[in-house]
Chemist: 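Handing you a structure now.
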Amino acid sequence: MDTRNFDVIVIGAGIAGATCAAALAPTHRVALVEAEEAAGYHSTGRSAAFWILNYGPPDVRTLTGLSRQFFEHPPAGFTEHPLTRRRAMLLVAPAGQEAQLQTLLAEGIGLRELDVAKAWELVPALRPGYVRAAAIEEDAFDMDVDAILQGYLRQVRTHGGVLALRHRAGRIERQDGVWQVETSAGARFAAPVVVNAAGAWADEVARQAGLPGLRLVPCRRTAAIIDPAPWQVADWPMVNEVAHTWYVRPEARTKLLVSPADQTPTHPHDVQPEELDVAIAIDRMQQGLGIEVRRVERSWAGLRTFTPDGSLAFGWDKRAEGFCWCAGQGGYGIQTSPAAGRLIADIIAGRDPGEAGRILPAVDPGRFAA
Ligand SMILES: Cc1cc2nc3c(=O)[nH]c(=O)nc-3n(C[C@H](O)[C@H](O)[C@H](O)COP(=O)(O)OP(=O)(O)OC[C@H]3O[C@@H](n4cnc5c(N)ncnc54)[C@H](O)[C@@H]3O)c2cc1C
């Protein structure tokens with residue numbers, strides 16, 4: 001078996017692996033190793049593509065905030081299309097959720113209370129009497145996930161990095177200070193550093209390297225596209241129920257993405273939507289919005305993978321030299337990705353990560369070692 005030598009092997013070409021590889025490629029020889037025949041086939045290609053600052057634990061919020069500049073002003077040549085479209089996020093509190101809304105307002109940044117009548121003006125399909133209190137994050141936006149992913153992959157290639165599709169990393173061994181990664185395509189990649197960016201499979205990849213996993217939990221989330229006609233939804237905000245049991249977001253100007261915000265623990269696999277979850281999404285949405293659903297145009301499910309405490313798992317594994325985690329992105333992997341990729345690259349290159357460095361204690365994978 002021929003061995004190809006690199007400085008860093010990144011396992012997994014979802015958004016996590018792609019951003020790490022792109023941030024490393026200008027200074028390191030990088031191999032980005034992906035099991036599937038297309039990058040982004042799993043969680044990255046199945047997201048709701050939305051950026052919200054007031055979402056997730058503090059480490060996530062920090063990286064989300066630090067990523068904003070990149071999405072709004074990507075470097076020259078990164079993309080031919082804008083990566084974002086401004087869209088507010090409307091939080092609606094039905095009866096019983098008013099106190100929870102006040103807590104979110106107290107903790108939030110750039111989140112402000114909105115008059116119920118104003119919420120109704122923004123989303124006229126809201127059922128009269130449903131909303132008891134509301135809040136709005138005006139600076140949120142839709143993201144063009146495919147353009148983001150392709151831009152990062154282009155950066156990898158431009159700097160001489162290798163994207164190896166259809167290469168599932170199998171045996172991973174460290175010999176004489178170098179990791180050897182054998183793949184399903186019969187190739188062997190060698191490098192002193194491995195980045196584990198395998199999403200739902202990250203624990204499995206660790207075990208292949210002889211390390212215990214972090215007890216990551218992949219959770220299924222479902223989304224469906226419906227036609228909300230006669231409602232004109234293009235300029236609606238994203239609508240999120242405060243208790244987060246459903247949300248909707250306009251899609252492609254005339255459609256609506258609906259999700260029951262499900263979070264069903266499962267194992268790493270090519271997850272498919274359950275009809276029941278789609279029905280629940282529509283039922284919950286219809287309690288808040290007077291939208292008739294004649295037909296579901298398409299539906300899908302993806303995995304959101306969480307660590308036991310819900311924060312990220314980023315950094316060196318102290319039990320194995322040269323093994324770096326980039327896992328546990330949960331439901332925030334796209335919106336945090338530019339800053340996350342830079343942070344992992346800075347850790348590997350031994351550079352000062354600047355402001356992002358303040359989250360390092362909270363995201364240290366060593367916290368699960370016991
Ligand atoms: C319905 C839904 C809505 C979401 N909405 C949002 C949102 O609005 N905003 C947001 O920021 N995030 C959202 N997310 C979360 C986001 O999609 C994920 O956090 C993100 O895509 C995770 O990226 P990843 O690269 O870690 O994982 P993935 O994209 O799954 O990539 C991991 C890759 O590793 C590969 N791999 C696994 N094992 C191996 C191996 N042994 N060898 C080689 N390759 C391997 C896999 O094939 C896969 O391509 C949503 C997710 C879902 C499911």
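Read the numbers this way: they start at 1 and go in the same order the structure lists the ligands and their atoms.
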Chemist: Who gets closest to atom 20 (C) of ligand 1 by heavy atom: Ser259, Ser337, Gly333?
Modeler: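 Shortest heavy-atom distance from atom 20 (C) of ligand 1: Gly333.
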
Chemist: Between Gly330 and ligand 1, does any nitrogen or oxygen pair lie at a separation below 3.5 Å?
Modeler: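 Looking only at distances, the answer is yes, because the N/O contact criterion of under 3.5 Å is met.
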
Chemist: Using heavy-atom distances only, which candidate in Leu257, Thr44, Val10 approaches atom 28 (P) of ligand 1 most closely?
Modeler: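 The option holding the nearest heavy atom is Thr44.
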
Chemist: Should Leu303 be counted as touching ligand 1, given the test is an N or O pair under 3.5 Å?
Modeler: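 N/O-N/O distance under 3.5 Å: no.
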
Chemist: Identify, by atom number and element, the atoms of ligand 1 in contact range of Arg304, meaning under 4.0 Å from any of its heavy atoms.
Modeler: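 By the 4.0 Å cutoff, the relevant atoms are 51 (C), 52 (C), 53 (C).
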
Chemist: Between ligand 1 and Tyr41, can you find any atom pair, the residue atom being a heavy atom, that is separated by under 4.0 Å?
Modeler: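 Checking ligand 1 against Tyr41, which is what was asked, there is no heavy-atom contact under 4.0 Å.
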
Chemist: Considering only distance and modelled atom types, tabulate donor-acceptor pairs under 3.5 Å from the side chains of residues 17-24, sequence neighbours left out.
Modeler:
residue	atom	partner	partner atom	Å
Thr19	OG1	Ile15	O	2.9
Thr19	OG1	Ala16	O	3.0

Chemist: Would you mind finding which of Ser43, Cys20, Ala48 brings a heavy atom closest to atom 3 (C) of ligand 1?
Modeler: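 Heavy atom nearest to atom 3 (C) of ligand 1 belongs to Ala48.
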
Chemist: Can His167 be said to touch ligand 1, with heavy atoms closer than 4.0 Å?
Modeler: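 Flag set, His167 near ligand 1.
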
Chemist: For atom 1 (C) of ligand 1, what is the nearest protein heavy atom, given as residue, atom name and distance?
Modeler: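 Nearest protein contact, heavy atoms only, for atom 1 (C) of ligand 1 is Arg46 O, 3.3 Å.
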
Chemist: Gly331 versus ligand 1: do any nitrogen or oxygen atoms come within less than 3.5 Å of each other?
Modeler: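 Yes, since at least one N or O of Gly331 sits under 3.5 Å from an N or O of ligand 1.
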
Chemist: Can you report which non-hydrogen protein atom sits closest to atom 48 (C) of ligand 1, along with the distance?
Modeler: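 That would be Glu34 OE1, 3.5 Å.
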
